[in-house]
Amino acid sequence: MLKIASWNINSVRLRLPIVERFLAENDIDILCLQEIKCQEQQFPARRFAEIGYPHIAVHGQKGYHGVATVSRVLINDFSRHDWQDNGEARHVGVEIPGIGQGMILENVYVPAGGDIPDREQNVKFGQKLDFLERMTRWADKVDRPTMIVGDFNIAPLECDVWNHKQLLKVVSHTPVEVEHLGQAQEAGRWVDVTRADIPQGLLYSWWSYRARDWDAADKGRRLDHIWATPDISNAAHGSRILRAARGWEKPSDHAPVFASFDL
DNA sequence: ATGGTAGGTCTCCTA
């Protein structure tokens, strides 16, 4: 069995204590982190090795963004795509050679896209859509067993947001973004593993820091996802979002999402 | 309608 997790950590160096807590309490084999906010040489690789995660692939940059995959089982650095074509570190792919006939695990941090959902008025929104279009063209050629996880910065379903109608013009839930993400999903033939497990009911992975009381207000969105090609998703079970981690000391604004695979 | 918080960095950008 393989237990995979994804977590937008909002500075891995600041939040090492809660990362260690999450790994220790949840028996995670591979953790995909987004928003590590450091360069590769600043990544706390020694500490991860000490706690049993010696296999690491980092795509970092100074100050912003950045992704890393840390693992108990052997992984091979496989790819780094720049689907925004602007040098930002938002993807790292690894091969898991021993499992699932050489499965690929893609760790993706889709751009947030700014505040105005219009590419004429907001360059960042256009870059977000461009990122998804390039990802779709790449996905169309994927011909291996693949898992793709990360902070996709889009809540695709009505039950992935606290108020569907109120968020239709809010970046992360606009129809054009949902459509773009759906095309990428279709091109890669990926199954939403979390929603396959939990098809009904409101489900969130992110709550803004700006809310006075995130837990009571509960104005969340499901921005973090675990998808897999059918050959792998058939072996998935127990996908959950660890809401409690949003309430830990010095939390990230995202909660981790995970799933188990009998591979 | 508005502003609210957080992190990294070097003065404000990104989320």
Side-chain angles (χ1 to χ4, degrees), chain A residues 6-20 22 32-45 47 58-68 82-92 107-119 121-132 149-156 160-163 165-174 177 180-181 204-225 241 243 245-257:
Chain A
S6 174
W7 197 1
N8 179 319
I9 200 60
N10 188 19
S11 173
V12 67
R13 291 175 292 174
L14 191 73
R15 278 182 242 291
L16 253 183
I18 60 169
V19 173
E20 292 187 32
F22 172 65
C32 294
L33 294 164
Q34 303 86 35
E35 263 202 283
I36 60 172
K37 289 190 169 175
C38 67
Q39 295 168 285
E40 190 168 336
Q41 66 270 25
Q42 300 172 305
F43 189 83
R47 185 63 194 146
V58 184
H59 188 187
Q61 74 176 80
K62 190 176 180 179
Y64 307 110
H65 321 307
V67 294
D82 179 6
W83 290 312
Q84 225 178 173
D85 199 24
N86 67 353
E88 292 179 354
R90 295 180 175 277
H91 169 270
V92 65
N107 177 357
V108 180
Y109 178 35
V110 176
D115 289 330
I116 304 167
D118 179 345
R119 63 156 81 226
Q121 296 176 60
N122 169 16
V123 174
K124 287 189 201 312
F125 192 73
Q127 288 176 332
K128 182 178 193 175
L129 298 180
D130 293 344
F131 183 104
L132 292 164
V149 310
D151 176 2
F152 295 175
N153 263 313
I154 295 171
D160 291 336
V161 295
W162 66 278
N163 187 318
K165 272 196 169 174
Q166 209 162 320
L167 288 172
L168 276 170
K169 291 180 179 171
V170 174
V171 174
S172 73
H173 193 61
T174 65
E177 289 170 89
H180 272 65
L181 186 65
Y204 315 136
S205 66
W206 173 88
W207 296 260
S208 173
Y209 282 126
R210 296 173 187 173
R212 283 187 201 109
D213 183 342
W214 71 273
D215 193 31
D218 202 19
K219 295 184 173 180
R221 307 175 201 170
R222 190 173 70 103
L223 305 179
D224 301 271
H225 303 274
I241 295 171
R243 179 187 175 109
R246 180 62 178 79
W248 289 353
E249 67 285 0
K250 292 281 284 178
S252 167
D253 46 354
H254 293 253
V257 55

Only counting residues at least two apart or in another chain, list the ones meeting salt bridge (charged side-chain N to carboxylate O under 4.0 Å, His left out) with Arg47(A).
Glu20(A), Glu50(A)

Give every donor-acceptor pair under 3.5 Å between a side-chain atom in residues 59-67 of chain A and any protein atom, sequence neighbours left out.
unit_1   : atom_1 : unit_2   : atom_2 : d
His59(A) : ND1    : His91(A) : O      : 2.7
Gln61(A) : OE1    : Ala89(A) : N      : 2.7
His65(A) : ND1    : Arg90(A) : NH2    : 3.3

Interatomic distance, Asp224(A) atom CG to Ser6(A) atom OG [nearest 0.5 angstrom]
5.5 Å

Residue list, salt bridge (charged side-chain N to carboxylate O under 4.0 Å, His left out) with Asp160(A), at least two apart or on another chain:
Arg195(A), Arg222(A)

Can you confirm whether Asn86(A) is buried at CG, in the sense that more than 12 heavy atoms of other residues, nucleotides or ligands lie under 6.0 Å from that atom?
yes

Not counting sequence neighbours, which residues clear salt bridge (charged side-chain N to carboxylate O under 4.0 Å, His left out) with Arg243(A)? List them please.
Asp215(A), Asp218(A)

Taking the P atom in each of dG7(B) and dA1(B), what is the distance between them to the nearest angstrom?
31 Å

Students should find this one: the first and last nucleotides of DNA chain B, 5' to 3', lying under 4.0 Å from a heavy atom of chain A. What are they?
dG4(B) to dA15(B)

Quick one: sort the His225(A) and Phe152(A) rings into parallel, tilted or perpendicular, breaks at 30° and 60°.
parallel

Whole-angstrom distance between dA6(B) and dT2(B), as gauged at atom P
23 Å

The single option from Asn8(A), Asn107(A), Asp151(A) that satisfies side chain to side chain donor-acceptor pair (under 3.5 Å) with Gln34(A) is Asn107(A)

Measuring only the C1' atom in each nucleotide, how far is dT14(B) from dC10(B)? A whole number of Å is fine.
15 Å

Would you measure the distance from the C1' atom in dA15(B) across to the matching atom in dT9(B) and give it in whole Å?
15 Å

Nearest-nucleotide wise, let me know which of Gln39(A) and Lys124(A) is further upstream toward the 5' end of DNA chain B.
Gln39(A)

What residues from residues 211-221 of chain A pass a heavy-atom cutoff of under 4.0 Å to DNA chain B?
none

Closest to the 5' end of DNA chain B, once Lys62(A) and Tyr209(A) are matched to their nearest nucleotides, is Tyr209(A)

